[in-house]
2 protein chains.
Amino acid sequence: MNPLHLSNQLCFPFYAISKEIIKRYRPFLAPLNLTYPQYLVMLVLWEEDFVTLKSIGGRLQLDSGTLTPLVKKLIQSGYIEKARNPEDERQLVIRLTERGRSLEEEAKEIPARINEVLGLNKEEYDQYKDMLDELAGKLDIKRENGYC
Amino acid sequence: MNPLHLSNQLCFPFYAISKEIIKRYRPFLAPLNLTYPQYLVMLVLWEEDFVTLKSIGGRLQLDSGTLTPLVKKLIQSGYIEKARNPEDERQLVIRLTERGRSLEEEAKEIPARINEVLGLNKEEYDQYKDMLDELAGKLDIKRENGYC
DNA sequence: TATATTTAAGTTGTGTACAATTTAATTTTA
DNA sequence: TAAAATTAAATTGTACACAACTTAAATATA
């Protein structure tokens, strides 16, 4: 067994599957003028409005270098607004616009459509989900993002 | 259960775990002057030398838009060379330099080091690997890349 | 066999990722 | 409480990813 053989890598399937699933989101997200990372930011805001850039970054594991331009795009698209927190001027507080809030309704069907495209039944979905949450825990990816 | 809740997404953990593992490769790859995608190309070449750009892209699921500049970097680093296939001038044939071949020896320890960093035992590793290969199969990511 | 189609790389443009650094605000501590 | 340390965003620079398109070579077909 050659550890340098591609078939013996654990990371590569994560990398390949992640890219593949994101590709399958595109047909559903493009009509909403969203990329996948932008969609993730919207998911966070639909859960909790009025959050700092820092806390969005905490949940999505993205830093300001990625989020600053991404937030700029979402503002240009009219989905969010930003303002400094008067209590702490270092913090940028992000909130949904009316348009951003109404977008949630249009995005409601996406998870079900994606599950169709992935062709997984409930048991398979749950099995994969459990395994991923467990591994995320081992890798310590879940402390502040609360995704599991 | 809100399907738009981040905790109910299947793709997000793939995306987050993939990025996290790649981040943990960095300390091992940086001394070899390789990024993770560049390392993947080297893995392909250490398995089989003298392959076309197209077939590298088939195995790694990357197109010429990604691979052309990446190959340029690996040439600059002195690890590979490129030439047109005289039998079919459309094809670019990639082969290892002597330095590229000797690099395999320096990379031999990386998979074991990564497994240490991930903190997975043999059973966990195998369990995750099986699940990933199964899902990759369902998503039809494995036809030509032969990684499983 | 000339034309149409297909194929492989390359190019262009947009959008992440992230390390490293900078700037400004807040908190700690000597 | 003034200086040091920390923190949150922004900035800079490098490197993917990939859609869409271009170019050139090879193959198919009318």
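In what follows, every chain begins at residue 1, and chains take the letters A, B, ... in the order their sequences are listed. Only heavy atoms go into these numbers, but all of them, side chains included; no hydrogens, no water, no symmetry mates. All of these numbers come straight from a predicted model, not from anything done at the bench.
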Engineer: Sequence neighbours excluded, which residues qualify as ring-ring contact (aromatic ring centres under 6.0 Å, His included) partners of B:Y79?
Structural biologist: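 Here no residue qualifies.
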Engineer: Using the heavy-atom set of chain A and a strict 4.0 Å cut-off, write down the first and last nucleotide of DNA chain D that makes it in, 5' to 3'.
Structural biologist: D:dT7 to D:dA19
Engineer: Taking C-beta and beyond as the side chain, do A:L120 and B:L135 meet within less than 4.5 Å on heavy atoms?
Structural biologist: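 With C-beta onward as the side chain, the pair touches.
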Engineer: Tell me, please, which residues at least two apart from A:Y15 pass side-chain hydrogen bond (donor to acceptor under 3.5 Å, both in side chains).
Structural biologist: none
Engineer: Tell me, which pairs form a salt bridge (charged side-chain N to carboxylate O under 4.0 Å, His left out) where one or both residues lie in residues 20-49 of chain A, sequence neighbours left out?
Structural biologist: A:E20-A:R24, A:E47-A:R59, A:D49-A:R101
Engineer: Listing request: all salt bridge (charged side-chain N to carboxylate O under 4.0 Å, His left out) pairs with a residue in residues 110-124 of chain A, at least two apart in sequence or in separate chains.
Structural biologist: A:E109-A:R113, A:R113-A:E116, A:K122-A:D126, A:E124-B:K138
Engineer: For B:R24 and C:dA19, what is the distance between atoms CZ and P respectively, to the nearest whole Å?
Structural biologist: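 Rounding to the nearest Å, CZ of B:R24 and P of C:dA19 are 13 Å apart.
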Engineer: Using the test side-chain hydrogen bond (donor to acceptor under 3.5 Å, both in side chains), find all partners of A:S102 that sit at least two apart in sequence or belong to another chain.
Structural biologist: A:R99
Engineer: Could you tell me how far apart B:E87 (CD) and C:dA8 (P) are, to the nearest whole angstrom?
Structural biologist: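 In whole Å, C:dA8 P and B:E87 CD are 15 Å from each other.
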Engineer: Would you jot down, in residue-number order, the residues of residues 25-49 of chain A having a non-hydrogen atom under 4.0 Å from DNA chain C?
Structural biologist: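 Within residues 25-49 of chain A, the residues near DNA chain C are A:T35, A:P37, A:Q38.
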Engineer: How close or far is atom C1' of C:dC18 from atom NZ of B:K19, stated in whole angstroms?
Structural biologist: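 After rounding, the gap between these two atoms is 9 Å.
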Engineer: Could you tell me whether B:I22 contacts a base, only the sugar-phosphate backbone, or nothing, with contacts defined as non-hydrogen atoms closer than 4.0 Å?
Structural biologist: nothing
Engineer: Please encode protein proximity along nucleotides 9-14 of chain C as a string of B, S and -, counting only heavy-atom distances under 4.0 Å.
Structural biologist: BBB---
Engineer: Specify the separation, in whole Å, of atom CG of A:L70 and atom P of C:dT16.
Structural biologist: 4 Å
Engineer: Would you mind reading off the distance between B:Y15 atom OH and C:dT16 atom P, rounded to a whole angstrom?
Structural biologist: 9 Å
Engineer: Going by the salt bridge (charged side-chain N to carboxylate O under 4.0 Å, His left out) test, which pairs reach into residues 79-91 of chain B, not counting sequence neighbours?
Structural biologist: B:E81-B:R95, B:D88-B:R90
Engineer: Apply side-chain hydrogen bond (donor to acceptor under 3.5 Å, both in side chains) to A:N85 and list each qualifying residue two or more places apart in sequence or on a separate chain.
Structural biologist: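 With sequence neighbours excluded, A:N85 shows a side-chain hydrogen bond (donor to acceptor under 3.5 Å, both in side chains) to A:Q91, given in chain and number order.
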Engineer: Can you measure B:K23 atom NZ to C:dA17 atom P for me and round it to whole angstrom units?
Structural biologist: 11 Å
Engineer: Taking the side chain as every heavy atom from C-beta outward, state whether B:V93 and B:V51 have any atom pair closer than 4.5 Å.
Structural biologist: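 With C-beta onward as the side chain, the pair stays apart.
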Engineer: Once side-chain hydrogen bond (donor to acceptor under 3.5 Å, both in side chains) is applied, do any residues pair with B:Y25, and if so which ones, sequence neighbours excluded?
Structural biologist: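 With sequence neighbours excluded, B:Y25 shows a side-chain hydrogen bond (donor to acceptor under 3.5 Å, both in side chains) to A:Q9, given in chain and number order.
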Engineer: Indicate every side-chain donor-acceptor pair of residues 27-39 of chain B with a distance under 3.5 Å to a residue at least two apart or in another chain.
Structural biologist:
from  : atom 1 : to    : atom 2 : distance (Å)
B:N33 : ND2    : B:S77 : OG     : 3.4
B:T35 : OG1    : B:Q38 : N      : 3.3
B:Y36 : OH     : A:F12 : N      : 3.4
B:Q38 : OE1    : B:T35 : N      : 3.3

